[in-house]
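One structure below.
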Amino acid sequence: MKALVYTNTNEIVYRDEPNPVLNPDEVLIKVEATGICGSDMHAYHGRDPRRVPPLILGHEVAGTIISGSQKGSRAVINPLITCCTCYYCDTGFSNLCDQRELIGMRLAGAYAEYVKIPSRNLVALPETLSSVHASLAEPTATAIHALNLARIKSFRPLAELKVMVVGGGAIGMLVGLLLRGYGCFDILLAETNDLRGKSAAKHTGCQVFNPITDSADQEDSFDLVIDCVGGGKTRELAMSAVKPGGTLVHIGLMDSQNGLDIRKLTLFEVTLIGVYCYTAADVRAAVKALDAGLLGDLSWVETRPLSQGAQAFSDLDKGLSASAKIVLVPDSQT
Ligand SMILES: [Zn+2]
Ligand SMILES: [Zn+2]
């Protein structure tokens, strides 16, 4: 099969790879759409020790099942494989499973014609949802998981909160869109790339500001701050913006250096919540939300042929793409 292989730092090659070999519990999926995630970009930069080249990246997938009893059905993949029996799986926190594995990290991912996955990781894809939009189910599930955790810790309903979203990438866009879908309209989105910022303002309806060039006093004024980048600078902004008694949700994995003010956290009872992936229920909720149109028309999503994937990575790297999400589709579909 043809696949896009991460071969070295800043190097992605479109080449022939062997087809996946199935274990008894797995099915083969013909990939119809597969999104480029911030974590794939992180690997591309050689900054993710968990992703070792050569490796087929990609974990945001929709396609058609072409083996087993559900052959011919369309599906979204829940790419987080869990054991189903450990303490965490057993108590509803499968995202913390002792043996969790995200495809495209050690196991081959979906930037290919075919990908394999345990059949228990499939979510049925409604007729009315396109594969390209369905491939957003995975990042949408992360956004849903983050907002569910924020909701549990907040004293008021999400709709009543003043919220700052840090980062106008796909997770930031999806968090903004979901919040608006939930009836929350007092949202400020921080983005340093002006191309991205314009797109975020247009498509999410959130107020957008550039924390580098726009000098606004945001200190201690947000009930909820969601850092969708996770770098020292964004943590610093998030920590400063959250108000006493407020909640800081941390999703990104950019770096693990500084930015947290532990004195403020303690003296002003700021709740800090880490978010990693989603549960199976979150993925199903994401498919429903996308199908119901809760996230709008998704016209900000760009598609490119799989064979042009290396260019897509390079454009994202250089900040040349206004789109917060590029979805790769098989060349036969373009
Ligand atoms: Zn992702
Ligand atoms: Zn488990």
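Whatever order the structure lists them in is the order used to number ligands and atoms, beginning at 1.
- If you check the side chains of Tyr111 and Asp40, you find a donor sitting under 3.5 Å from an acceptor.
- There is a side-chain donor-acceptor pair under 3.5 Å between Ser307 and Asp331.
- The Zn ion (ligand 2) has Cys97 among its coordinating residues (N/O/S atom, backbone or side chain, under 2.8 Å).
- For Glu138, the N, O or S atom closest to the Zn ion (ligand 1) goes by the atom name OE1.
- With respect to the Zn ion (ligand 1), Glu60 has OE2 as its nearest N, O or S atom.
- With the Zn ion (ligand 2) as the vertex, SG (Cys86) and SG (Cys83) define an angle of 110°, rounded to 10°.
- The side-chain tip of Arg100 points at the ring of Tyr276 from less than 6.0 angstrom away and within 45° of straight on.
- Using modelled atom types and a 3.5 Å distance limit, the side chains of Lys71 and Ser67 yield no donor-acceptor pair.
- Residue contacts to the Zn ion (ligand 1): Asp40 brings no N, O or S atom closer than 2.8 Å.
- Between Phe313 and Tyr44, the ring planes lie tilted relative to each other; the angle falls in the 30° to 60° range.
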